[in-house]
Amino acid sequence: MLSKVIDAVEAVHRETGLEVACSLGLLSQSQAERLAAAGVHRYNHNLETCREVFPRICTTHTYDDRVATARLAIDAGMELCCGGILGMGETVEQARRLRVRARRAEPTEVPINFLLPTGTELGEHRLITPREALQAIALFRLVLPTAWIRLAGGREYVLGELQAMGLLAGGNALIVGNYLTTSGRSADEDHALLEALGMPVAAGAGEGRFVVDAEGAHARPARPAPVT
């Protein structure tokens with residue numbers, strides 16, 4: 001199966017010139033190195049929630065399994081996209097631990113999703129409030145000053161008319177269109193929002209790579225894949 005993915009990655013490079021990101025679940029070291037060698041520039045692997053809450057959400061593997069895959073992706077030379085889902089019954093302190101753990105993972109991108117509990121086994125949980133969501137976004141920005149904070153699933157429902165405040169609070173990217181299990185809003189609406197805020201849309205390869213240091217903001221190249 002991994003060979004088919006690598007064939008597809010090579011075809012995308014050959015026919016479009018686009019950078020490729022993958023989300024394939026848990027990885028072994030050899031799998032991570034093969035993906036990096038094939039030219040996958042970014043790997044998505046969310047931590048989802050904090051260590052204490054994780055066993056209530058997932059029983060097929062452990063929190064440490066996810067942390068290990070995130071580290072393998074970086075060590076292989078890929079950038080890491082690593083975030084989670086807010087509103088799964090975590091306490092304020094547990095949500096803080098997710099942010100700290102996400103920082104230790106050294107992600108380039110952090111997708112922030114908000115749980116829509118209806119129809120799930122967490123249906124008894126209330127929606128996270130817009131105020132709580134905005135506070136979470138701001139704290140992710142403080143903890144991860146150089147990451148792209150991507151507002152993702154559930155933003156339309158939780159933030160509603162306050163999505164602009166989500167961007168002003170620290171989000172600097174959006175996942176546009178439909179999500180895995182819910183429908184989003186149209187790309188035209190998101191473009192109109194960004195235009196109204198005076199926020200330019202990034203273009204071109206490598207748009208997520210930057211660092212902020214004493215000399216200001218500047219591009220950060222991806223780590224080279226290991227020589228095998």
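Sequential numbering from 1 along the given sequence is applied to the chain's residues.
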Let me check something: any side-chain donor-acceptor pairs from residues 51-59 under 3.5 Å, sequence neighbours excluded? List them with distances.
from: Arg51; atom 1: NH1; to: Asp64; atom 2: OD1; distance (Å): 2.7
from: Arg51; atom 1: NH1; to: Asp64; atom 2: OD2; distance (Å): 3.4
from: Arg51; atom 1: NH2; to: Asp64; atom 2: OD1; distance (Å): 3.0
from: Glu52; atom 1: OE2; to: Arg97; atom 2: NH1; distance (Å): 2.5

For the [atom1] atom of [X] and the [atom2] atom of [Y], what is their distance to the nearest 0.5 Å?
{"X": "Leu115", "Y": "Asn113", "atom1": "CG", "atom2": "CG", "result": "9.5 Å"}
{"X": "Arg141", "Y": "Leu168", "atom1": "CZ", "atom2": "CG", "result": "12.5 Å"}
{"X": "Leu24", "Y": "Thr69", "atom1": "CG", "atom2": "OG1", "result": "10.5 Å"}
{"X": "His41", "Y": "Glu79", "atom1": "NE2", "atom2": "CD", "result": "5.0 Å"}
{"X": "Leu144", "Y": "Arg103", "atom1": "CG", "atom2": "CZ", "result": "7.5 Å"}
{"X": "Glu33", "Y": "Ser28", "atom1": "CD", "atom2": "OG", "result": "8.5 Å"}

Taking atom [atom1] as the centre, does [X] end up with more than 12 heavy-atom neighbours from other residues, nucleotides or ligands that are less than 6.0 angstrom away?
{"X": "Glu10", "atom1": "CD", "result": "yes"}
{"X": "Glu195", "atom1": "CD", "result": "no"}
{"X": "Met199", "atom1": "CE", "result": "yes"}
{"X": "Glu121", "atom1": "CD", "result": "no"}

Under 4.5 Å between side-chain heavy atoms, hopping through other hydrophobics if needed: is there a path connecting [X] to [Y]?
{"X": "Ile112", "Y": "Leu139", "result": "no"}
{"X": "Val9", "Y": "Leu72", "result": "no"}
{"X": "Ile149", "Y": "Leu134", "result": "yes"}
{"X": "Phe140", "Y": "Met88", "result": "no"}
{"X": "Val67", "Y": "Val110", "result": "yes"}

[X] versus [Y], closest heavy-atom pair with distance:
{"X": "Gly25", "Y": "Tyr43", "answer": "O-OH, 2.6 Å"}
{"X": "Pro111", "Y": "Asn46", "answer": "CG-OD1, 3.4 Å"}
{"X": "Arg71", "Y": "Glu106", "answer": "NH2-OE2, 2.9 Å"}
{"X": "Pro117", "Y": "Leu122", "answer": "CB-O, 3.2 Å"}
{"X": "Gly87", "Y": "Ile128", "answer": "CA-CB, 4.4 Å"}
{"X": "Arg150", "Y": "Leu174", "answer": "NH1-O, 3.7 Å"}

Next on the checklist: Would Val40 and Val5 count as a side chain to side chain contact (heavy atoms under 4.5 Å, CB included) here? Give the steps.
Outcome noted: CA-CA 10 Å; Val40 175; Val5 172; 5.9 Å; no
Checklist entry - Would Val20 and His13 count as a side chain to side chain contact (heavy atoms under 4.5 Å, CB included) if you check the C-alpha gap in whole Å, the side-chain angles of each, and the deciding distance to 0.1 Å? => result CA-CA 8 Å; Val20 178; His13 285 156; 3.6 Å; yes
Item to check | Main-chain N/O of Thr62 paired to Asp65 side chain as donor or acceptor, under 3.5 Å | outcome: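 Indeed, once roles are kept as given, a pair shorter than 3.5 Å links the two residues.
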Next on the checklist: According to side chain to side chain contact (heavy atoms under 4.5 Å, CB included), who are the partners of Ala164, at least two apart in sequence or on a separate chain?
Outcome noted: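 With sequence neighbours excluded, Ala164 shows a side chain to side chain contact (heavy atoms under 4.5 Å, CB included) to Leu193, Leu197, given in chain and number order.
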Next on the checklist: For Ile85 and Thr49: C-alpha separation, side-chain torsions, deciding distance, then whether side chain to side chain contact (heavy atoms under 4.5 Å, CB included) applies.
Outcome noted: CA-CA 6 Å; Ile85 307 172; Thr49 186; over 6 Å; no
Next on the checklist: Measuring only between side-chain heavy atoms, which start at C-beta, is Arg34 closer than 4.5 Å to Ser3?
Outcome noted: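 Touching, per the 4.5 Å side-chain cut-off.
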Could you list the donor-acceptor pairs under 3.5 angstrom formed between side-chain atoms of residues 154-162 and any protein atom two or more places apart in sequence or on another chain?
from: Arg155; atom 1: NE; to: Leu151; atom 2: O; distance (Å): 3.4
from: Arg155; atom 1: NE; to: Tyr179; atom 2: OH; distance (Å): 3.1
from: Arg155; atom 1: NH1; to: Gln163; atom 2: OE1; distance (Å): 2.5
from: Arg155; atom 1: NH1; to: Asp190; atom 2: OD1; distance (Å): 3.2
from: Arg155; atom 1: NH2; to: Ile175; atom 2: O; distance (Å): 3.1
from: Arg155; atom 1: NH2; to: Asp190; atom 2: OD2; distance (Å): 2.8
from: Glu156; atom 1: OE2; to: Tyr179; atom 2: OH; distance (Å): 2.8
from: Glu156; atom 1: OE2; to: Arg185; atom 2: N; distance (Å): 3.4
from: Tyr157; atom 1: OH; to: Ser183; atom 2: O; distance (Å): 3.4

Checklist entry - Given Leu98 and Glu90, is the side chain to side chain contact (heavy atoms under 4.5 Å, CB included) satisfied, shown in steps? => result CA-CA 10 Å; Leu98 171 60; Glu90 68 276 1; over 6 Å; no
